[in-house]
Colleague: 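Let me begin by handing over the structure; questions about it come next.
Note that the structure is predicted; figures quoted are calculated from it, not measured.
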Amino acid sequence: MISAEAIAKAAKQLARGELVAFPTETVYGLGADARQPDAVAQIFARKARPRFDPLIVHLKNREAANAYADTRDPRFWRLSERFWPGPLSLILPKKASIPDLVTAGHPSVALRVPRHPIAQALLEAFDGPIAAPSANRFGCVSPTCAEAVSEQLGSDLTVLDGGPAEVGLESTIVSLLGETPELLRPGGIPEEEIEAVIGKIHRPGEEELQSLSPGRQKRHYATQTPLYFWGDRGAPEPASDVGELHFGKPDRPSSPGPVRQLSQAGDPKEAAARLFQAMRELDKLDLRAILADKLPETGIGTAVMDRLRRAQAAASDEGEITCS
Ligand code: TXA
Ligand code: MG
């Protein structure tokens, strides 16, 4: 466990305008004081993230939201009551206290209260808003452990080590800007549970999504190794240099290549928690390709499939990215 001194030191670093990576229940975040544009600029530089992609602002509790956003929307209070602290980000009209750099010039801001005890302790000690994207290089797989952060972003960065992330993929993002709420990213809280609180949510198609949420590229969460679903056109046959990402117990004969099984019991929650780590592990084996199972798209299975589809889209794209 991280000491109180380490938390206090990290809070001071944030106050000085430095970056600190910290664990949340979803993935590790790369944090900076959201009120200091120079500090926020370092986030974009360190991640090689384009400036058009806005950041999520992390808060210690929901009352803190009043200082940074227009919180008059009753849906905000109903959702934050039910799901905060936790893996849900809510988009509201922003106030002038949040610099434009944080929101990439948008008049709205994404807010989230994380439930990881180290994230909460850091927010408490810092006593201010922390802008934090996932602590990976832009377009790459999000880090679910401290080592993955250092590998991608450099060993000189302060990383608070909170062990493996519990949820394993990012927060669900819901925009409350319009009359009908919109799902900008499936994630840690299944959208069915959100609909039970505020009614029907609109799920924008891929095209609409690009205009609503600038960071939601079709190609993202990319492994360096091309990833395919079983049965995809162009997918390789199983071979010793083809990795396999199994959801539960496979119904196929034994695999000649390296295998990562996401959940022995076929539990989508467990699969979500293990997904990014398994992708990273297979990616390090210098394989020709990775073959992935599909999951049923209900509950958190929707978020797992969203990440896998984007990783697959990256495989069929020519652009090169370097993730470590
Ligand atoms: O679980 C999480 O949400 C993690 C942890 C660290 O909290 N953070 C995270 O941040 O995933 P990031 O930057 O990797 O993803 C944030 C997404 C981006 O796709 C961005 O486009 C979207 O949130 N976003 C942020 N502010 C927005 C806004 N005002 N309007 C629309 N989309 C926004
Ligand atoms: Mg990210």
Side-chain angles (χ1 to χ4, degrees), residues 7 10-71 80 84-116 118-138 142-143 149 152-153 157-160 170-175 184-185 187 213-216:
I7 299 280
K12 279 202 188 109
Q13 284 181 278
L14 289 172
R16 281 200 302 269
E18 294 170 18
L19 300 180
V20 171
F22 61 97
T24 82
E25 69 278 18
T26 58
V27 300
Y28 277 68
L30 178 62
D33 183 346
R35 297 160 301 191
Q36 298 186 45
D38 288 349
V40 173
Q42 288 180 54
I43 292 182
F44 288 93
R46 177 72 82 147
K47 276 182 62 96
R49 180 179 177 115
R51 294 260 181 129
F52 62 71
D53 190 359
L55 307 175
I56 297 175
V57 174
H58 296 68
L59 304 172
K60 70 174 178 184
N61 57 37
R62 64 194 195 127
E63 285 69 35
N66 294 320
Y68 310 108
D70 180 344
T71 58
S80 58
W84 282 3
L88 175 66
S89 297
L90 294 169
I91 306 222
L92 290 175
K94 90 174 192 65
K95 286 189 177 167
S97 50
I98 293 292
D100 288 335
L101 184 57
V102 171
T103 66
H106 290 260
S108 59
V109 62
L111 300 176
R112 164 163 127 79
V113 175
R115 71 163 176 247
H116 193 291
I118 295 177
Q120 291 204 339
L122 182 63
L123 282 158
E124 189 63 46
F126 175 59
D127 199 22
I130 303 180
S134 49
N136 50 280
R137 287 183 69 81
F138 183 70
S142 303
V149 177
Q152 285 197 42
L153 298 182
L157 179 70
T158 300
V159 186
L160 299 175
E170 300 84 349
S171 61
T172 306
I173 305 181
V174 173
S175 168
L184 301 190
R185 179 174 72 186
S213 194
R216 297 288 289 144

Colleague: Look at the side chain of R112 and the backbone N and O of G86, then say whether any donor-acceptor pair between them is shorter than 3.5 Å.
Modeller: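 Yes.
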Colleague: Working to the nearest 0.5 Å, report the span between CD of Q120 and OG1 of T24.
Modeller: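 Rounded to the nearest 0.5 Å, the CD-OG1 separation comes out at 11.0 Å.
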Colleague: Could you list the residues that satisfy salt bridge (charged side-chain N to carboxylate O under 4.0 Å, His left out) with R46, not counting sequence neighbours?
Modeller: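 R46 satisfies salt bridge (charged side-chain N to carboxylate O under 4.0 Å, His left out) with D156 only.
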Colleague: Drop me the distance from Q13's CD to L157's CG, to the nearest 0.5 angstrom.
Modeller: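 Rounded to the nearest 0.5 Å, the CD-CG separation comes out at 9.0 Å.
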Colleague: Counting neighbours of NZ on K95 that are heavy atoms of other residues, nucleotides or ligands and sit closer than 6.0 Å, is the number greater than 12?
Modeller: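 Yes, the 6.0 Å shell around NZ holds more than 12 heavy atoms from other groups.
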Colleague: Closest approach of D53 and P214, non-hydrogen atoms and distance?
Modeller: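 Closest approach of D53 to P214, heavy atoms only: OD1-C, 4.3 Å.
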Colleague: With sequence neighbours excluded, tell me which residues meet salt bridge (charged side-chain N to carboxylate O under 4.0 Å, His left out) with K60.
Modeller: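 Salt bridge (charged side-chain N to carboxylate O under 4.0 Å, His left out) check on K60 returns E124, D127.
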Colleague: Under the side chain to side chain contact (heavy atoms under 4.5 Å, CB included) test against F22, which residue among L14, L30, V159, I130 passes?
Modeller: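 Considering L14, L30, V159, I130, a side chain to side chain contact (heavy atoms under 4.5 Å, CB included) with F22 is found only for I130.
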Colleague: Return the CG to CG distance between L55 and L101, rounded to the nearest 0.5 Å.
Modeller: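 If we round to the nearest 0.5 Å, L55:CG and L101:CG are 7.0 Å apart.
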Colleague: I'd like to know if R216 pairs up with E170 as an ion pair, taking the criterion as any Lys NZ or Arg NE/NH1/NH2 lying under 4.0 Å from an Asp or Glu carboxylate oxygen.
Modeller: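 Answer for the salt bridge query: no.
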Colleague: With sequence neighbours excluded, what pairs up with A121 under the side chain to side chain contact (heavy atoms under 4.5 Å, CB included) test?
Modeller: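 Side chain to side chain contact (heavy atoms under 4.5 Å, CB included) list for A121, sorted by chain: I7.
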Colleague: Looking at OH of Y68 and CZ of R35, how far apart are the two atoms once the value is rounded to the nearest 0.5 Å?
Modeller: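 Answer for the OH-CZ pair, Y68 versus R35, is 5.0 Å.
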Colleague: Is any side-chain heavy atom of P87 closer than 4.5 Å to one of R115?
Modeller: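 Contact flag for R115/P87 side chains = yes.
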Colleague: With distance as the sole test, does E25 use its side chain to make a donor-acceptor pair with the main-chain N or O of P85 at under 3.5 Å?
Modeller: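 Absent.
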Colleague: Quick check for you: to the nearest 0.5 Å, what is the distance between L160 atom CG and L122 atom CG?
Modeller: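 Answer for the CG-CG pair, L160 versus L122, is 6.0 Å.
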Colleague: Could you tell me whether the side chain of V40 reaches within less than 4.5 Å of the side chain of P99, counting heavy atoms only?
Modeller: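 Not in contact.
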Colleague: Could I get the full list of side chain to side chain donor-acceptor pair (under 3.5 Å) partners for N136, not counting sequence neighbours?
Modeller: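 For N136 the side chain to side chain donor-acceptor pair (under 3.5 Å) partners, ignoring immediate neighbours, are S134.
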Colleague: Partners of T103 by side chain to side chain contact (heavy atoms under 4.5 Å, CB included), sequence neighbours excluded?
Modeller: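 Side chain to side chain contact (heavy atoms under 4.5 Å, CB included) check on T103 returns K94, I98, H106, V109.
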Colleague: Do R185 and S89 have a side chain donor and acceptor closer than 3.5 Å?
Modeller: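 On atom types as modelled, these side chains do not qualify, holding no pair under 3.5 Å.
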Colleague: Using 0.5 Å steps for rounding, measure from the OG atom of S171 to the CG atom of L90.
Modeller: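 Answer for the OG-CG pair, S171 versus L90, is 9.0 Å.
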Colleague: Considering only heavy atoms from C-beta outward, does the side chain of P114 approach that of L123 to under 4.5 Å?
Modeller: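 Yes, side chains in contact.
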Colleague: Is there a side-chain contact (heavy atoms from CB on, under 4.5 Å) between N66 and T71 once you walk through the steps?
Modeller: CA-CA 6 Å; N66 294 320; T71 58; 2.5 Å; yes
Colleague: Counting C-beta onward and ignoring hydrogens, is there a side-chain heavy-atom pair between H58 and V113 closer than 4.5 Å?
Modeller: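 Counting from C-beta outward, H58 and V113 never come under 4.5 Å.
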Colleague: Of all residues at least two apart in sequence or in a different chain, which pass the side chain to side chain donor-acceptor pair (under 3.5 Å) check with Q36?
Modeller: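 Once residues adjacent in sequence are excluded, the partners of Q36 under the side chain to side chain donor-acceptor pair (under 3.5 Å) criterion are D33.
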